Amino acid sequence: MSETTTAAEAAAPHRYTAAMAADIETRWQDFWEKQGTYEAPNPGAGELGGDPDMVAKPKKFFMDMFPYPSGSGLHVGHPLGYIATDVAARYQRMTGHNVLHTLGFDAFGLPAEQYAVQTGTHPRESTEANIVNMRSQLRRLGLGHDQRRSVATTDPEFYRWTQWIFLQIFDSWYDAEADRARPVAELVAEFESGRRPTPEGHASWAELTEVQRAELLGEYRLAYASDAPVNWCPGLGTVLANEEVTAEGRSERGNFPVFKAKLRQWNMRITAYADRLVNDLEGLDWPESIKLAQRNWIGRSEGAHVDFPVPRQSARPVESAGDAGGGPAGEATISVFTTRQDTLFGATYVVLAPEHELVADIVPDAWPEGTHQTWTGGHGSPRDAVAAYQAQAAAKSDVERQAEVKDKTGVFTGAYATNPVSGEQVPVFVADYVLMGYGTGAIMAVPAHDHRDFAFARAFELPMRCVVEPADGRGNDPADWDDAFVSYDARVVNSAGPRITIDGLGVTEAKAKVTEWLEAQGIGAGVVNYRLRDWLFSRQRYWGEPFPIVYDEQGVAHGLPESMLPLELPEVDDYSPRTFDPDDAATTPETPLSRNHDWVHVTLDLGRGDGPRAYRRETNTMPNWAGSCWYELRYLDPRNDEAPVDPTVERYWMGPREGIPHGGVDLYVGGQEHAVLHLLYARFWSKVLFDLGHTSSSEPFHKLYNQGMIQAFVYRDRRGIVVPAAEVEERDGQYFHRGEQVSRQLGKMGKSLKNAVTPDEIFADYGADTLRLYEMAMGPLDVSRPWDPRAVVGQHRLLQRLWRNVVDEATGEVRVADTEPDEDTLRALHKAIDGVRQDLSGLRFNTAVAKVTELNNHLTKQSVVPRGVVEQLVLLIAPLAPHIAEELWHRLGHETSLVYADFPVADPAYVVDESVTCVVQIKGKLKARLEVSPSITDADLEALALASPAVASAMEGMSVRKVIVRAPKLVNIVPS
RNA sequence: GCGGCCGUGAUGGAACAGGUAGACAUGCCGGGUUUAGGUCCCGGUGGGGUUGAUCCCCCGUGAGGGUUCGAAUCCCUCCGGCCGCACCA
């Protein structure tokens, strides 16, 4: 911008420019802050209670996915969703709602740690500095947030309650009969009274030692420590949840290899909620794609367990209850999971995962006579063959397994199991296409009707039997087939035996009959199986919530009493995670908190009546996701020091309501990347808190909206090196950087691609209102679209024209007239009101901007601007461009802010045109237009259309066969 | 491989429930204001044909086919792009 006053500026000293925008915007931002304009009152007399009239209004609770306070600042892509929710929230304020809208910070996480390692600053310091910086950047956008409610997950007063919720989860178990979580104390009471017997294999409650009791309860608790195999990522130095590992078996963050390792880690029993997490999706107003992603991730499938008896070779006693316990001595049982019980007669072999614990028990000393050459893997004994295969499978990474999907490998165990329906002896194989982590880790193979089994059977020359009649004419002999026949809509054949016959039944009937039979025989049962696993909840990090858990001398975990919360992060010498060679699977994690010996080893009185005792603290910290699992609740009641949220306040803002029995936030806007992470975890916590009676809402977010990404052009030179987008010049559709031609592609916006545009640049050139309008006008909120630096000016021009319609650029005087608007203008106004209302409530911001623009353009063409109309226009644009709207509102003589002014209401009489253009088509082709009254009858319109000269000439020599009339918009004439 | 979404001017995108395709904006073209520039103003702008000109005609929503009086919109096949899951029994 030029410093000297130009001639144009001298001619128009009161033009709306970037400088004037900056002045207006900061002035109103200060005003709003001072007035507490956006402070939404809670019901009741609490600290955030307020105006009862406001509380009595219908409420709206709008949220954005809160940001990580990064040190590198914002680019224009970041606030897209924040602007959208702000516009929606402002619209709701003007339509008589008590609107809660704020934004907090998800501030635990790796970047602060890494920054701390580089610079020596404490993560808390850099985090707080970043939050201050981000707050001021966001403030400059004019977002109407209730600042009193903005929380940071790193705040001890916040994570005190994260820890408290963890303890609630730790102290509860899932009662499958009641289908909800209950306090562990109630479970203990049931064990003590004998009302609930201890599970098979355990002594009675009274006979158990304290350690044994703790172990038993650990099998019930919703938060529990276990030694199950976890995802260990040496490159990051921490273990990870399944959701954080990519399909390629690498860490989502950093792309390091991930290995399975047996480590004692904390887990959350999210699997207990699998069914409810699937079922409750139905009532949510979420994008189908996200619901689908969650359904896929949970992976509910209905099927059955089926027992296949197999001779036991070793003399080992039966170790544990369950699958292996049923058979007579010398016999083991392979329990398989299948979703196709109906194909049981077609099961011609059985496969165990290489890690299956039964493998060792069933392998005989020598190959049975006549064993196929291909089955032995060239080994002299089954033991050698299986051991070699197991070693080979263990050494394979997930990536390698993926690569070999087409080529099935495996080896015969030497054992034969009995097919329970046919009594047939079927060979038992070990193969890595069966995964230990899904189902029972064992399958019955039905090669004729499963693609994978078919491929394996072909490779190993195993028999196939067709038991579902192919409907595609391929015949009933699998030997002639290229692939398995898989269908759920077919008839069962070849499935008659001495014990059960299902021939002729449809797949569904056959399934039901087989399941019933299995249950009656006690050799199987219908089960529902899930792909979802429990959520691995501990991390080897410094910058996270410490677990409020201590271990006594016997190693039993105890929750800290509420009075000891928050358990604050201790000072340590070194915050950095201990990382390792990314490929070295043999490493083990080290927790930064363990470096503070004095903090770890403490003497505490936990209030259990046993006085002060020595304890050792848990040194893992919680994953990043913990704080975001419940932060919506804290927005409601951020200063409550007796509970995470007051129940009355929670019910007011989030409780069940008309058509929304689950309750939850009214609108939640954020990116798609959290489909199976944050959004799943938060739903889980929400349900636990609901079950335990702490909240009235069993879903956190009723309506979810995914905003698209703002992309930007990426310019590369001939060597493919990215050049700064700001330095590229365009000439005749070609792009040049320092004289050299460069190529242009669309990509993410960001520093690494040298194409980031910061809000500050746009503020300097145009102002915040222009930025807001441009982001809203670019396209539908849920679609990704490129940032076009040249196009921003269009929205600035709109504001300039709006300004000019109210204010004389030369004098600064208000130039509107107190005249009555003409009919045309009234119709333009009321159509705009009607359209903008619909668009804003439907989150169609781009078309709302277009309608406001149209009305403004209409006024621009008028010689006099009627005050009544322009005032309504100012209100219409207020949610989108609140600063200029306030300024004009003020200049138009209003004393109070328009934030709570009534949004204009359309007069239906003016929403319809006085006359409408009727289209006359002949065979669907446009032939003529007629100006007609909107209330014209079909008959009148038909007569009018047929009488029109254009129709008469076009219909010359033809007769009318049929006329379709859709008064008042259309007549279509069909000639014969 | 399975599942889902999407292809409209030079560009971002409109078109609510099948009924005037291209609203609104950028860019571009022409004109104005200005010493000049544009973050100013006014007008034009899908392609082709025709006319002195208004008019008028034809074509047009990735390609092909279908349903319909009428299709960007519904159905089928194909092509292209994006996303999710992926040996899940």
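In what follows, chains are A, B, ... by sequence order, proteins preceding strands, each numbered from 1. Nothing here was measured: the structure is a model prediction, and the numbers come from that model. The figures that follow rest on heavy atoms only: side chains count, while hydrogens, waters and symmetry mates do not.
Contacts of A:K861 with the nucleic acid, taken as non-hydrogen atoms under 4.0 Å apart, involve only primed sugar atoms and P, OP1 or OP2. Note on A:R797: only backbone sugar-phosphate atoms sit closer than 4.0 angstrom, heavy atoms only; bases stay farther off. At the heavy-atom level, A:I443 lies under 4.0 Å from base atoms of the strands shown. No engagement by A:S289 is indicated, since no non-hydrogen atom pair under 4.0 Å with the nucleic acid exists. Using a 4.0 Å heavy-atom cutoff across all strands shown, A:N857 reaches sugar-phosphate atoms only and no base atom. Within 4.0 Å (heavy atoms only), A:R804 reaches sugar-phosphate atoms of the nucleic acid but no base atom. Within the nucleic acid shown, A:T770 has no heavy atom closer than 4.0 Å to any nucleic acid atom. If you check every strand for non-hydrogen atoms under 4.0 Å, A:A791 touches sugar and phosphate atoms only. Contacts of A:R801 with the nucleic acid, taken as non-hydrogen atoms under 4.0 Å apart, involve only primed sugar atoms and P, OP1 or OP2.
Summarising the geometry, the separation between CG on A:L799 and C1' on B:C40 is reported as 15 Å, rounded to the nearest angstrom. One atom, CE of A:M709, and another, P of B:C83, lie 9 Å apart when rounded to the nearest Å. With rounding to whole Å, A:E288 atom CD is found 23 Å from B:C82 atom P. A:Y349 has its OH atom 16 Å from the P atom of B:A89, to the nearest Å. The distance from atom CG of A:L771 to atom P of B:A25 is 19 Å, rounded to the nearest whole Å. Nucleotide B:A23 holds its P atom 16 Å from the CG atom of A:D839, rounded to whole Å. Rounded to a whole Å, the CG atom of A:D432 is 9 Å from the C1' atom of B:C87. Whole-Å rounding puts the A:R531 CZ to B:A89 C1' distance at 14 Å.
Rounded to a whole angstrom, the distance from the C1' atom of B:A25 to that of B:U39 is 16 Å. The same atom, C1', is picked in B:G81 and in B:C24; the two are 26 Å apart, to the nearest Å. Taking atom P in both B:C59 and B:G7, one finds a spacing of 25 Å when rounded to whole Å. To the nearest whole angstrom, the two C1' atoms, one in B:A89 and one in B:G4, are 23 Å apart. For the C1' atoms, the distance linking B:G44 with B:U26 amounts to 16 Å, nearest Å. Atom name C1', nucleotides B:G22 and B:C40: the rounded distance is 28 Å, in whole Å. Spacing of C1' atoms, B:G9 relative to B:A21, comes out at 11 Å, to the nearest Å. One P atom belongs to B:G1, the other to B:A14, and the distance between them is 32 Å to the nearest Å.
Applying the side-chain hydrogen bond (donor to acceptor under 3.5 Å, both in side chains) test to residues at least two apart or on different chains, the pairs with a partner in residues 777-795 of chain A are A:E730-A:R790.
Side-chain proximity of A:N296 to the nucleotides B:U39, B:C24, B:C85 is greatest for B:C85. When distances are taken from the side chain of A:T853 to each of B:C24, B:C40, B:A89, the shortest belongs to B:C24. Listed nucleotides B:C85, B:A25, B:C69 differ in distance to A:W297; the shortest reach to its side chain belongs to B:C85. The listed nucleotides are B:U26, B:G4, B:C87; the one nearest the side chain of A:Y433 is B:C87.
Counted by atom type alone, A:D483 and A:H451 present one or more donor-acceptor pairs between their side chains at under 3.5 Å. When only modelled atom types and interatomic distance are considered, A:Y530 and A:D275 share a side-chain donor-acceptor pair under 3.5 Å. Using modelled atom types, one finds a donor on one side chain and an acceptor on the other under 3.5 Å when comparing A:Y389 with A:T409.
No side-chain heavy atom of A:L880 sits under 4.5 Å from any side-chain heavy atom of A:I83. A:D453 has its side chain within reach of A:I443: a pair of non-hydrogen atoms, C-beta onward, lies under 4.5 Å apart. In this structure, the side chains of A:L679 and A:W286 come closer than 4.5 Å at one or more pairs of heavy atoms.
Every residue meeting the salt bridge (charged side-chain N to carboxylate O under 4.0 Å, His left out) condition with A:R804, not counting sequence neighbours, appears here in chain and number order: A:E809. Qualifying side-chain contact (heavy atoms from CB on, under 4.5 Å) partners for A:A442, counting only residues two or more places apart in sequence or in other chains: A:I334, A:V336, A:L352, A:H356, A:T440. Remark: A:D23 pairs with A:R27 by the salt bridge (charged side-chain N to carboxylate O under 4.0 Å, His left out) rule, at least two apart or across chains. By the salt bridge (charged side-chain N to carboxylate O under 4.0 Å, His left out) test, A:R295 pairs with A:E288, sequence neighbours left out. Residues that satisfy the salt bridge (charged side-chain N to carboxylate O under 4.0 Å, His left out) test with A:D839, not counting sequence neighbours, are A:R844, A:K851. Every side-chain contact (heavy atoms from CB on, under 4.5 Å) that A:S301 has, sequence neighbours left out, goes to A:F337, A:T339, A:Y438, A:N529.
Using a 4.0 Å cut-off on heavy atoms, none of the residues of residues 671-680 of chain A approach RNA chain B.
The main-chain N or O of A:L344 is found under 3.5 Å from a side-chain atom of A:N419 such that the two form a donor-acceptor pair. Of the possible polar contacts, none joining the A:T343 side chain to the A:G346 backbone as a donor-acceptor pair under 3.5 Å is found. A donor-acceptor pair under 3.5 Å is formed between the side chain of A:H449 and the backbone N or O of A:V467.
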Polar atoms only, N or O, under 3.5 Å: list the protein pairs with nucleotides 7-16 of chain B and their distances.
unit_1	atom_1	unit_2	atom_2	d
B:G12	O2'	A:M778	O	2.7
B:A14	OP1	A:N846	ND2	2.9

Using a cut-off of under 3.5 Å, enumerate the N/O to N/O pairs linking the protein to nucleotides 28-33 of chain B.
none

Polar atom pairs (N or O), protein with nucleotides 20-22 of chain B, under 3.5 Å:
unit_1	atom_1	unit_2	atom_2	d
B:U20	O2	A:R929	NE	3.1
B:U20	O2	A:R929	NH2	3.3

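Note that A:K408 lies outside the cation-pi zone of A:F456, set by a 6.0 Å cut-off to the ring centre and a 45° limit from the axis.
Contact record, A:K260 with A:N242: NZ-OD1, 4.3 Å, taken as the closest heavy-atom pair. Contact record, A:N755 with A:K748: ND2-O, 3.1 Å, taken as the closest heavy-atom pair.
Nearest-nucleotide positions on RNA chain B for A:E854 and A:Y530 put A:E854 closer to the 5' end. Heavy-atom nearest nucleotides on RNA chain B were determined for A:A850 and for A:Y766, and the one closer to the 5' end corresponds to A:A850.
Secondary-structure annotation of RNA chain B gives the stems B:1-7 with B:79-85, B:10-12 with B:24-26, B:27-32 with B:40-45, B:46-49 with B:56-59, B:62-66 with B:74-78, with a stem taken as at least 3 successive Watson-Crick or G-U pairs whose two distances both fall under 3.5 Å.
Base orientation of B:G81: anti (glycosidic angle beyond 90° from 0).
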